[in-house]
Amino acid sequence: MGKQGFRKVLVLFLILSFAAGGGISDSRTAVAAEAGEGEISAPEQTEQPQEPLPPEETPDVPDGAAPSPAPDQTPLPTGQPPGEEPEPPEPTVVPTQKPVNGKFVLTNKGADYSRGGQTGIHYRKVKGKKIYHIKSYTTDKVQLSMSQPASFSIYGGGSRKEVNKKLAVVSSKGIVTCRRRGKGEKLYTVVKAVCKATGEVQYIYIYFQKKITCSNGKGIHLYEKHTEQLGFDYDYRKVSISVSNRKKLKVSRKGRIEALKHGTAYITLKVKGSQKNEVKIKVIVQKEPWIVSSRDKVYDYEDMTGDLRGLIKKYPGWTGLHSIGESCDDRQIWCLRIGSRSASRKLVIDAAIHAREWKNTQIIMRQAEEILRDYREHKKRFANTCIYILPMVNPDGVSISQYGFDAIRDKKLRKKCEKAGHAKVWKANARGVNLNNNFPAGFIKKKKKKAKLHYMNYFGRKAGSERETKALMKFINETEPKAVLNLHSMGNVLYWDFNVEGELHDSLREFAEKVSSFNKYALMPKSGSTDAAGGFADWLVYEKGIVSITVETGSVRCPLPHSQFKPVYKRNNEMFWWFMAEY
């Protein structure tokens, strides 16, 4: 082929290349000439003018096909002015699908990929292939994150009806929302994710767990120092508990509330790892009102009876109330039980066997209420030990000491008592018998023929002649207590050293020394006052072999004025706690 023919072919090739969307290289690259040796060079120039190519002349190529350059040949640029670089062509945009790097997968952290495990799905359950599993809560939204752009739809659920009701919905961005949020409700759903690029499908099973609830309600009222257990329907290890004000109350990791100071605080229970699965509880802490008043200057039989009934109503199951008998004027001799009646160890506290010593009734009643307030802290103790409190053994005599002889309802008894006089300092019962000398233990019978009732010195016709005495003896015989604490007044002393030896004497000393370590009362030495003389403690020690000591409270003459309440209570408070909660 001549030089002229080669040029014609080259020009036609360039024209067709441009028409097909091709471009020219910006470098001057030579092509191998037909007879050349493969060197790259510019086309040779000639002095003769080039003849224009006939426009109708076309290369010999098949219809509809473009001519292809020879192998390893690059077309040379033409028509470029000398000394200038060619301009780069505009890039050609070819519409293609974005290449997919890797598989179409769910990238949510913690999602499990396995077969089966679709509890609760009965409509369109995915079988025979692996699907993703996610756990969430009915209160939370789930954001599905796929490795490639995807479209989403609810595919399966508990039933077709459930799916049609749209109890679970999914947005175009893959946000799944549960619309079932009632108490204890759950929801199971299957979401279908379709890759927009490839059409590949993945299924995601979501288990929406129930919303946390608290059986205590949204509001709790507690008294200071009281406790309450929160009841919530999740394992405590999956729940975080926070308190808005730790000065008002504190809560253990298991949900035990302890009220500290009056005021209001909020407790938030939140399921760990959730967004909004939580419940808030308002707690109002109040100062607990006392049933037994410390302000009453006169604390009478009616006050005591009402308070006893109030205590057993407030603390049901922990307490019991019964009468061990009736007095001469038909008043009940009440006994308050704290603890289980089936407990193997039983302890007794009695007061006001002497009428004018009624201030001890008020003291021991207040002390009983105090220990009931903290009963929860000593619950185990009271499973094995039961405390029996006889706050007013001589209710008739107390009524006389407080209100005079008009307090006696039986006219005959009232008339006899009036003859004896000395109502305010009355020690005896309504028959004029000193009950603490009427027991069958060294009972002293007056030899005078006309021995008669007296406000303090008549011991009765015979031992155990009085209703109150008989009731006490029957109660002790049935109860069989380990120890008895007798409350009397006055002197701030302890009587303990009875004429006994061996183990019983050692137990009496140990008991008395422990009591004295708390109230600092003096231990009285052995004397004539410890010989049996018909006293209740005499009968307990000498006849029954029961450890019993007498605590004489107060530093002034009886009846103790109300000003003695506070110092006596304060001085004996720890002692009572020890006896009831530890002895």
Original post:
Quick one: is the NZ or CZ of Lys272 closer than 6.0 Å to the six-membered ring centre of Tyr234, and within 45° of its axis?
Top reply: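 Lys272 over Tyr234 ring: no.
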
Subject >> NZ or CZ of Arg373 within 45° of Trp290 ring axis and under 6.0 Å >> reply: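 Pair Arg373/Trp290 counts as cation-pi.
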
With a 4.0 Å cut-off, would you call [X] and [Y] a salt bridge?
X: Asp329; Y: Arg467; result: no
X: Arg180; Y: Glu162; result: yes
X: Glu326; Y: Lys470; result: no

Subject >> Closest non-hydrogen atom pair, Leu390 against Cys335 >> reply: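 The pair with the smallest heavy-atom distance is CD2-CB, 3.5 Å.
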
Original post:
What orientation do Tyr569 and Phe565 show, parallel under 30°, tilted 30 to 60°, or perpendicular over 60°?
Top reply: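 It falls in the parallel class, under 30°.
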
Subject >> Parallel, tilted or perpendicular: rings of Tyr375 and Phe382 (30°, 60°) >> reply: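 Rings of Phe382 and Tyr375: parallel, as their planes differ by under 30°.
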
Original post:
Any donor-acceptor pair under 3.5 Å linking the side chain of Asn486 with the backbone of Asp350?
Top reply: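 It does not hold such a pair.
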
Original post:
What do you reckon, is CZ of Arg345 surrounded by more than 12 foreign heavy atoms closer than 6.0 Å?
Top reply: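 Counting other residues, nucleotides and ligands, CZ of Arg345 exceeds 12 neighbours.
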
Indicate yes or no: at least one non-hydrogen side-chain atom of [X] is less than 4.5 angstrom from one of [Y].
X: Pro481; Y: Ile476; answer: yes
X: Asn573; Y: Glu370; answer: yes
X: Trp426; Y: Asn394; answer: no

Subject >> From Gln286, Lys287, His262, residue fulfilling side-chain hydrogen bond (donor to acceptor under 3.5 Å, both in side chains) relative to Glu224 >> reply: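 Going through Gln286, Lys287, His262 one by one, the side-chain hydrogen bond (donor to acceptor under 3.5 Å, both in side chains) with Glu224 is satisfied by His262 alone.
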
**OP:** Compute whether any side-chain donor of one residue and acceptor of the other, for Glu357 and Ser489, lie under 3.5 angstrom apart.
**Re:**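 No pair is found: no donor N or O on one side chain lies under 3.5 Å from an acceptor on the other.
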
